[in-house]
Protein chains: 2
Amino acid sequence: MDVDPSPDPVVAGHLQELRRGTVVLAALVALRTPGYGYALLESLNEHGIGVDANTLYPLLRRLEKQGLLTSEWNTDESRPRKFYRTSDEGDDLAATLIADWHRLDASLRHLTEETP
Amino acid sequence: MDVDPSPDPVVAGHLQELRRGTVVLAALVALRTPGYGYALLESLNEHGIGVDANTLYPLLRRLEKQGLLTSEWNTDESRPRKFYRTSDEGDDLAATLIADWHRLDASLRHLTEETP
DNA sequence: ACACCATAGTGTGTGAGACACACTATGGCA
DNA sequence: TGCCATAGTGTGTCTCACACACTATGGTGT
């Protein structure tokens, strides 16, 4: 009765597709309080947003390049860490994505109600 | 006061990423009552699931190849139309995706509440 | 009668992004 | 001092969304 994470690669693929955009949204929301990649990785996974390190690191760089995140190296402590923070543009995008998420949610609910 | 669909290509891209998996889910749900591509296209767009013809047609073929949809040509009427119907596997996947969608929804809500 | 448009679908690119794999480097601890 | 967790970068592959081009048919206008 347990939910096997990925028995069928086809199912796993579609589950992943569904998650795709949500990782961006989750990162933008989470980094409103600044943090570095590795910590965010664990935080998101704890929150049930399954994301791989090899997905998150490039994602953070991409979002920074798009101006949605800013970054700075913290060299105060012994180990240098790259701290990211959501920019104003990123915050705007997050709001837009959340709105669209709710819109989609309503649309899907509508659909499922029509075909019971 | 209207919601401009895509002023910024970056924003548009992320909005699309968010939609990605939902089109599959919407198609699987909608085709529990059989239908053909063109009608589904218009139905989804009316329901607020924005999807292009060049996206939907290949998607339907892909889902059929994966065994999530079945298809048959309706040649009774003058114009032949390819009718798709969600298979049992497709129905299972739809249920799984819906469950995951709700899981993600809860996770995101959690995140946003933690960083007000 | 036939030209034209909406409908309905197929086939072939191309580009972007997710993920795998491989790699560097450092701090802490046994 | 050797090993593992931490922290991040770089490269390649594969899939998917979308653009573009194409075939084909039914209805409508003239």
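Chain A is the first sequence line, chain B the second, and so forth, proteins listed ahead of strands; every chain is numbered from 1.
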Give the table of side-chain donor-acceptor pairs shorter than 3.5 Å for residues 48-61 of chain B, with sequence neighbours excluded, one pair per line with atom names and distance.
residue, atom, partner, partner atom, Å
Asp52(B), OD1, Asn54(B), N, 2.8
Asp52(B), OD1, Asn54(B), ND2, 3.2

Non-neighbouring partners of Tyr38(B) that pass ring-ring contact (aromatic ring centres under 6.0 Å, His included), sequence neighbours left out:
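With sequence neighbours excluded, Tyr38(B) shows a ring-ring contact (aromatic ring centres under 6.0 Å, His included) to no residue whatsoever.
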Are [X] and [N] close enough that a side-chain N or O sits under 4.0 Å from OP1 or OP2?
{"X": "Tyr57(B)", "N": "dG9(C)", "value": "yes"}
{"X": "Arg62(B)", "N": "dC16(D)", "value": "yes"}
{"X": "Tyr36(A)", "N": "dG8(D)", "value": "no"}
{"X": "Gln16(B)", "N": "dC18(D)", "value": "yes"}

Between [atom2] of [N] and [atom1] of [X], the distance in whole Å:
{"X": "Leu59(B)", "N": "dT15(D)", "atom1": "CG", "atom2": "C1'", "answer": "13 Å"}
{"X": "Arg20(A)", "N": "dA17(D)", "atom1": "CZ", "atom2": "P", "answer": "8 Å"}
{"X": "Ile49(A)", "N": "dC19(C)", "atom1": "CD1", "atom2": "P", "answer": "13 Å"}
{"X": "Glu42(B)", "N": "dA6(C)", "atom1": "CD", "atom2": "P", "answer": "12 Å"}
{"X": "Leu63(B)", "N": "dC16(D)", "atom1": "CG", "atom2": "P", "answer": "9 Å"}
{"X": "Glu17(B)", "N": "dG15(C)", "atom1": "CD", "atom2": "C1'", "answer": "12 Å"}
{"X": "Lys82(B)", "N": "dA24(D)", "atom1": "NZ", "atom2": "P", "answer": "16 Å"}
{"X": "Arg19(A)", "N": "dC16(D)", "atom1": "CZ", "atom2": "C1'", "answer": "17 Å"}

From the list [options], which nucleotide is the closest neighbour of the side chain of [X]?
{"X": "Arg81(B)", "options": "dT10(C), dC16(D), dA8(C)", "value": "dA8(C)"}
{"X": "Gln66(B)", "options": "dA20(C), dC16(D), dG9(C)", "value": "dC16(D)"}
{"X": "Tyr38(A)", "options": "dA8(C), dT6(D), dT9(D)", "value": "dT6(D)"}

By nearest nucleotide on DNA chain C, pick out whichever of Ala53(B) and Val51(A) is the more 5' one.
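Its nearest nucleotide lies further toward 5', so the answer is Ala53(B).
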Are [X] and [Y] side-chain neighbours, meaning at least one heavy-atom pair lies under 4.5 Å?
{"X": "Trp73(B)", "Y": "Arg81(B)", "result": "no"}
{"X": "Leu63(B)", "Y": "Tyr84(B)", "result": "no"}
{"X": "Tyr36(A)", "Y": "Asn74(A)", "result": "no"}
{"X": "Leu15(A)", "Y": "Leu97(B)", "result": "yes"}

Output the residues of residues 98-108 of chain A in contact with DNA chain D, where contact means a heavy atom of the residue under 4.0 Å from an atom of the strand; sort by number or write none.
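Output list: empty, so none.
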If a pair satisfies salt bridge (Lys or Arg N to Asp or Glu O under 4.0 Å) and one of its residues is in residues 82-95 of chain A, list it, with sequence neighbours excluded.
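Applying salt bridge (Lys or Arg N to Asp or Glu O under 4.0 Å) to every pair that reaches into residues 82-95 of chain A, excluding sequence neighbours, yields Arg32(A)-Asp91(A).
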Residues forming a side chain to side chain contact (heavy atoms under 4.5 Å, CB included) with His102(A), sequence neighbours excluded:
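Here the qualifying residues are Ile98(A).
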Looking only at non-hydrogen atoms, find the nearest pair between Ala27(A) and Thr86(A) and report the distance.
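Closest approach of Ala27(A) to Thr86(A), heavy atoms only: O-OG1, 4.3 Å.
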Working to the nearest 0.5 Å, report the span between CG of Leu68(B) and CZ of Arg62(B).
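Separation between the atoms: 11.0 Å.
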Check the interface with nucleotides 10-12 of chain D: list each N/O to N/O pair with the protein under 3.5 Å, or write none.
none

